[in-house]
Amino acid sequence: MMPPAMSATPLIQALAAALDSRAALLQQLHAEQTDAYRLFHGSVEGLPGLTVDRYGELLLVQTFHQPLSPAQLAALEDFYAQTQPGLLPLYNDRSAAHSRIGNPLPPQQLAQAMESRTVRELGVNYRIQGRHEGQDPWLFLDLRAGRRRVMREAKDKSLLNLFAYTCGVGIAAAHAGARHVVNVDFAASSLAVGKENARLNDLPFRPRFIQSDVFSALRQLAGLGQAKMVRGKRMPPFPPLEARSFDMVFLDPPRYAKSPFGVVDLINDYPALFKPALLCTAPGGTLICCNNAAEVHRDAWLDQLERSARKVDRPIREMEWIAPEADFPSHDDQPPLKMALLRV
Ligand SMILES: C[S@@+](CC[C@H](N)C(=O)[O-])C[C@H]1O[C@@H](n2cnc3c(N)ncnc32)[C@H](O)[C@@H]1O
């Protein structure tokens, strides 16, 4: 349980302060046709491990360190019923190992939680679901700043979206006038949501959805061919891809993941992904790299990117940080999610 000292009153005070600080942002987001945003970011707003997000008609409350007591949950729901009326509350306690959702729900509430819903962000429709076989509700809200930037730049461009998950970045680009979009992820279930996202929007063309290991796709797109054997093991067959480069590449890997082709490791080996992604970015193009490992300091990471770029003879010409928006405040302007826009 949350510490007893965190009785309902200080909890409500923290929620109220967070809501006050978002008044201008929420007004802006509503005007921009956005109804998905974070209302409370506990790690910075007084209660580490508690987040409250609005996903359209859903109010998603999540705990990552300790569960809320029934009294705390009731007070929280009551606060939002008064200040954000009409939202359907859903509590996912993810304080158990591997952030799995632990709290069972009565059948009727579970059915509501498992309903697919549509949210809007910057005029784009996305599918979300409060509960399903996975853990997150299909749209990462802190990445809005990245999607917004891609939408600003995408007109008439080709875009490669790596570790695409439910393809939010690719759908945003296609909606904003990109010429061609390729989404790559090895999870068929995530790409299925991506296809649904494409259907939800009146896109001028159909983006591509490639179910593949990113290492395999990048090798082929960079013209290095398909590795059939790695460390003496036969590799699973992934779709053959022609070598080609893209005006924009979006690289947003998970913190750590193993695959037959290699290890995604944002702390110890970002260059293993960065270098081939750079080779798939057209000269004069833009590569947006993300790193959400909090322990990686952004200056050290940028230094590593600059060295890796020089090694493959594609030096970074310009760089700019994309900061998460004001619903994801951070300590000392050092957000865990770092997004570097590189002109290469
Ligand atoms: C944190 S999500 C990425 C979020 C995404 N960029 C977005 O816009 O929401 C990580 C994704 O990486 C995928 N993934 C992990 N390792 C992979 C690999 N080696 N090849 C392809 N996809 C991989 C997972 O299936 C998952 O969908």
Side-chain angles (χ1 to χ4, degrees), residues 36 38 53 55 98-99 119 121-122 124 126-129 132-151 154 159-176 178 181-198 207-221 226-227 230 235-239 241 248-267 269-270 272-274 276-277 280 287-294 322 324 328 336-340:
R38 177 148 292 185
D53 296 316
Y55 278 95
H98 308 298
S99 288
V119 302
E121 180 189 272
L122 304 171
V124 186
Y126 297 97
R127 260 295 175 252
I128 66 103
Q129 208 168 289
H132 49 82
E133 324 70 64
Q135 281 146 286
D136 294 296
W138 293 342
L139 186 70
F140 288 109
L141 300 180
D142 53 351
L143 211 65
R144 184 194 315 117
R147 289 186 289 268
R148 182 191 289 279
R149 189 53 190 261
V150 164
M151 289 179 80
L159 173 108
L160 173 63
N161 183 21
L162 298 164
F163 301 97
Y165 184 49
T166 52
C167 310
V169 170
I171 303 300
H175 191 274
V181 169
V182 176
N183 300 287
V184 181
D185 201 288
F186 63 19
S189 55
S190 300
L191 291 177
V193 180
K195 289 175 190 168
E196 180 66 14
N197 281 336
R208 280 189 76 186
F209 301 91
I210 298 179
Q211 189 190 348
S212 173
D213 192 295
V214 161
F215 286 108
S216 165
L218 280 177
R219 262 192 74 94
Q220 296 185 71
L221 292 167
Q226 168 126 250
V230 174
M235 290 296 102
F238 282 114
L241 300 171
M248 295 182 77
V249 174
F250 198 94
L251 175 62
D252 178 27
R255 180 194 169 91
Y256 186 87
K258 275 189 182 166
S259 87
F261 287 86
V263 179
V264 176
D265 183 346
L266 300 198
I267 298 175
D269 200 4
Y270 205 94
L273 291 164
F274 175 71
C280 294
L287 171 56
I288 301 180
C289 300
C290 305
N291 190 329
N292 62 13
I322 303 171
F328 285 83
L337 174 61
K338 297 159 281 292
M339 294 176 268

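Heavy-atom basis, side chains included; hydrogens, waters and symmetry copies ignored. Order of listing sets the numbers, starting from 1, for every ligand and every atom in it. Just so you know, residue 1 is the first one in the sequence shown, and it goes up from there.
Residue contacts with ligand 1 for Cys290 are absent, since no atom lies close enough (heavy atoms, distance under 4.0 Å). At a 4.0 Å heavy-atom cut-off, ligand 1 does not touch Val184 at all.
Here the protein heavy atom with the shortest distance to atom 25 (O) of ligand 1 is Asp185 OD1, 2.7 Å. Regarding atom 8 (O) of ligand 1, its nearest protein heavy-atom neighbour is Leu143 CD2, 3.2 Å. Nearest protein neighbour of atom 16 (N) of ligand 1, counting heavy atoms only, is Phe186 CZ, 3.4 Å. At the shortest separation from atom 1 (C) of ligand 1 among protein heavy atoms lies Phe140 CE1, 4.0 Å.
The minimum heavy-atom distance between Phe209 and Leu191, with the atom names listed, is CD2-O, 4.3 Å.
Residue Ala257 approaches ligand 1 through these ligand atoms, each under 4.0 Å from one of its heavy atoms: 16 (N). With ligand atoms numbered from 1 in the order given, ligand 1 contributes 19 (N) to contacts under 4.0 Å with heavy atoms of Ser259. Listed by number with element, the atoms of ligand 1 under 4.0 Å from a non-hydrogen atom of Ser212 are 20 (N), 21 (C). Those atoms of ligand 1 that come under 4.0 Å of a heavy atom in Ala187, given as number and element, are 25 (O).
The backbone N or O of Val214 lies less than 3.5 Å from no partner atom in the side chain of Ser212, so there is not a single donor-acceptor pair. Side-chain atoms of Asp185 come within 3.5 Å of backbone N or O of Tyr165 as a donor-acceptor pair. One N or O on the side chain of Asn197 and one on the backbone of Thr166 form a donor-acceptor pair closer than 3.5 Å. Of the possible polar contacts, one joining the Tyr55 side chain to the Leu139 backbone as a donor-acceptor pair under 3.5 Å is found. A side-chain donor-acceptor contact under 3.5 Å links Asn291 to the backbone of Ala293. At distances below 3.5 Å, not a single donor-acceptor pair connects side-chain atoms of Glu121 with backbone N or O atoms of Ala36.
Nearest residue to atom 12 (O) of ligand 1 from Tyr165, Trp138, Phe163, Tyr256 is Phe163 (criterion: closest heavy atom). Of the listed residues (Asp252, Val214, Val264), the one carrying the non-hydrogen atom nearest atom 20 (N) of ligand 1 is Val214.
At a threshold of 4.5 Å between non-hydrogen side-chain atoms, the residues Asp213 and Pro260 count as touching.
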